[in-house]
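This report concerns only the one structure given below.
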Amino acid sequence: MPTKLVDVEVATTSRRNVPAVVLAATGPVLGPGGDGIDVSELTGKAGETVRHDQTWTLGVGTGTLSDYRTAGAALARALSGEDAPKSADVLLTPDFDADKVRAFVLGAALGGYRFKVTGEDAPKRVGSLRLVTGDTGFEEVLTSAALKAHALATATSLARDLANTPSNVKDPRWLTSTAAKLAEKVDGLTATVRDEKWLRQQGFGGVLAVGGGSTRPPRLLELTYGTTGPHLVFVGKGITFDTGGISVKPADGMHLMRTDMAGGGAVIAALMAVARRQLPIRVTGLVPCAENHVSGSSYRPGDVVRHYGGATTEVQNTDAEGRMVLADAMAYAVKNLEPDLIVDVATLTGAMKVSLGLRTGAVFSASEEIAANVIDAGERAGEKWWRMPLLEEHVDAVASEIADYKQCPPGPGGITAALFLQKFAGQVPWAHLDIAGPARSEKVYDEVVAGATGFGARTLIELAEKYSR
């Protein structure tokens, strides 16, 4: 770990005896064909790949950034199998710019991603791609764009690796220690792992309650980067497996709960990338980790849990565990870290899967500017977000008769969950990102493969870059 991705470089000359890839766009006149290639049967649709001996034709559609991500991913998949070449040259068209290179490289790097626990050899795939441009004046610009795209892809791949890891391996200790070991290799990034004893001493009641039903105790991971500039705190849900607790989940789909720490994985991957790129900003990543299990020591509906800082929550559904651990971490950030912005990211509610489907993340924030910044960061990263409202008419529903807050207030589930979390952000500018839909996929599309998608990591990186300017 992390999974090795296809390498990409930019050059001004092609190589001999290396497969060449010619790009073809849709339109009244399909082109360019070149080298005597018959284009009569081609459509130019994004991702269409056709082999002609040592030459390939790759469709790039109408040339949108989404089309180029799709094309790059399709090429990586096509150049795999028993006869996969070690390398290939992609002949760029004159209209290629930095944005298109970023999109294409992102797709090419991630399209060939594969995670499978097996005793068999992994299928062969292309090891590297050379993007060949005829314009020597833009080689440096395109190279910079390709390097950034590969950094974003590397972060996405790491987030996928962490989320895809089976939960018989991945418990809170494994997740936090793995992140800490990876952080040791990155200059400027520091990792601190707190165990259940520390959590108990400090009063992390939400994390302890959720993790109390498992023999594998909870942990808190704190990743720290930078000392100057705005201070962003990213908080990621780190539930390494979720049975639902006493409010047990249906059997169908429970096996996918190994990815219920996808938000935490996105935060870990984003911190690694921010540190590697040495952005002039201060970023802290908090990942509260627990395994939500069923046993005689599990927390119960009706319990009142005291969070870090003293606020109390009336438990109503033990399957709403994500907000319990996030609340502790957010309260810790507000009290100790003096953040300029808190962003939490979590596979939090099935309601958002119903509202926005499986390819779009939800953004909740009282600030129009913060929500717009998240959506803009996602657009640059190739991740779609939609702003959801924090409806005032549901604020009072968060109050509990026997505690400070209700864990599951009545009303629209995604919105009331966000209203609950908002209580723990205090007066700090805040955004909540619900990635329950796009964090997992059952099929291949664009640069996404089946399994964990790594969604959110790239947006967090782009957001950090925006605030570092």
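Numbers here are sequence positions counted from 1.
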* Spacing of L58 atom CG and L79 atom CG [to the nearest 0.5 Å] -> 9.0 Å
* What pairs with F241 under ring-ring contact (aromatic ring centres under 6.0 Å, His included), at least two apart in sequence or on another chain? -> none
* Contacts of type side chain to side chain donor-acceptor pair (under 3.5 Å), residue D83, not counting sequence neighbours -> R51
* Asked: So, the side chain of T259 versus the backbone of A163: is there a donor-acceptor pair under 3.5 Å, distance only?
  -> no
* To do: Indicate whether the side chain of E222 and that of Y332 have a donor and an acceptor atom separated by less than 3.5 Å.
  => yes
* Asked: Q407 side chain to N317 main-chain N or O, any donor-acceptor pair under 3.5 Å?
  -> yes
* Asked: Mind checking what makes side-chain contact (heavy atoms from CB on, under 4.5 Å) contact with S177, not counting sequence neighbours?
  -> none
* To do: Indicate yes or no for a side-chain donor-acceptor contact from D99 to the backbone of L65 under 3.5 Å, with no hydrogens or angles considered.
  => no
* To do: May I ask you to check whether N292 and T318 show a side-chain donor-acceptor distance below 3.5 Å?
  => no
* Asked: Who pairs with Y225 by ring-ring contact (aromatic ring centres under 6.0 Å, His included), at least two apart in sequence or on another chain?
  -> none
* For P410, what residues pass the side-chain contact (heavy atoms from CB on, under 4.5 Å) criterion, not counting sequence neighbours? -> A397
* Which value, rounded to the nearest 0.5 Å, describes the distance between H432 atom NE2 and F424 atom CZ? -> 13.5 Å
* **Evaluation steps, side-chain hydrogen bond (donor to acceptor under 3.5 Å, both in side chains), between S365 and S367** => CA-CA 5 Å; S365 180; S367 166; 4.7 Å; no
* With sequence neighbours excluded, what pairs up with K249 under the side-chain contact (heavy atoms from CB on, under 4.5 Å) test? -> D242, M254, M257, D319
* **Interatomic spacing from CG in L433 to CZ in F364 - rounded to 0.5 Å** => 10.0 Å
* Under 4.0 Å between a Lys/Arg side-chain N and an Asp/Glu carboxylate O for D260 and R440? -> yes
* Side chain R282, main chain T228, donor-acceptor under 3.5 Å -> no
* Asked: Just wondering, more than 12 heavy atoms not from E442 lying within 6.0 Å of its CD?
  -> no
* **Backbone of G111 reached by a side-chain donor or acceptor of R77 within 3.5 Å** => yes
* Pair D328-H307, side-chain donor/acceptor within less than 3.5 Å -> yes
* Asked: Quick check: are there more than 12 heavy atoms from other residues, nucleotides or ligands sitting under 6.0 Å from CZ of R173?
  -> no
* To do: Quick one: closest heavy-atom pair of V325 and G206, and the distance?
  => CG1-O, 4.2 Å
* **Donor-acceptor contact below 3.5 Å, side chain K170 vs main chain L162** => yes
* Asked: Can you check whether S400's main-chain N or O pairs, donor with acceptor, with E314's side chain at less than 3.5 Å?
  -> no
* **Partners meeting side-chain contact (heavy atoms from CB on, under 4.5 Å) with R380 (sequence neighbours left out)** => D376, A377, E462, K466, R469
* **Name of the residue among K406, E321, R300, M324 meeting side chain to side chain contact (heavy atoms under 4.5 Å, CB included) with V315** => M324
* Asked: Quick check: does any side chain N or O of S214 sit under 3.5 Å from a backbone N or O of G211, one acting as donor and the other as acceptor?
  -> no
* Asked: Take atom NZ in K353; do more than 12 heavy atoms of anything else shown fall under 6.0 Å from it?
  -> no
* **Sequence neighbours excluded, every pair satisfying ring-ring contact (aromatic ring centres under 6.0 Å, His included) that has a member inside residues 263-306** => none
* Report the distance from atom CG of L223 to atom OG1 of T190, rounding to the nearest 0.5 Å. => 9.0 Å
* Asked: What do you reckon, is CZ of R306 surrounded by more than 12 foreign heavy atoms closer than 6.0 Å?
  -> no
* To do: Answer whether the closest heavy-atom distance between the side chains of I268 and T178 falls below 4.5 Å.
  => no
* Got a sec: does the CD of Q278 have more than 12 other heavy atoms crowding it under 6.0 Å? -> yes
* Structure fact -> By side chain to side chain donor-acceptor pair (under 3.5 Å), E196 pairs with (sequence neighbours left out) R219
* Could you list the residues that satisfy ring-ring contact (aromatic ring centres under 6.0 Å, His included) with W198, not counting sequence neighbours? => F204
* **Qualifying residues under ring-ring contact (aromatic ring centres under 6.0 Å, His included), relative to Y113, sequence neighbours excluded** => none
* To do: Tell me yes or no: between the side chains of S66 and T64, is some donor less than 3.5 Å from an acceptor?
  => no
* **Distance, nearest 0.5 Å, that separates CG of L358 from CE of M352** => 12.5 Å
* Asked: Do the side chain of S441 and the main chain of A450 share a donor and acceptor less than 3.5 angstrom apart?
  -> no
* Is the backbone N or O of T240 less than 3.5 Å from a side-chain atom of E291, with the two atoms forming a donor-acceptor pair by type? -> no
* Applying ring-ring contact (aromatic ring centres under 6.0 Å, His included), which residue pairs with at least one partner in residues 448-469 are found, sequence neighbours left out? -> W385-F455
* **Point-to-point distance, once rounded to the nearest 0.5 Å, from CG of L221 to CG of L286** => 8.0 Å
* Asked: So which heavy atom on I370 is nearest to which on A431, and how close?
  -> CG2-CB, 3.7 Å
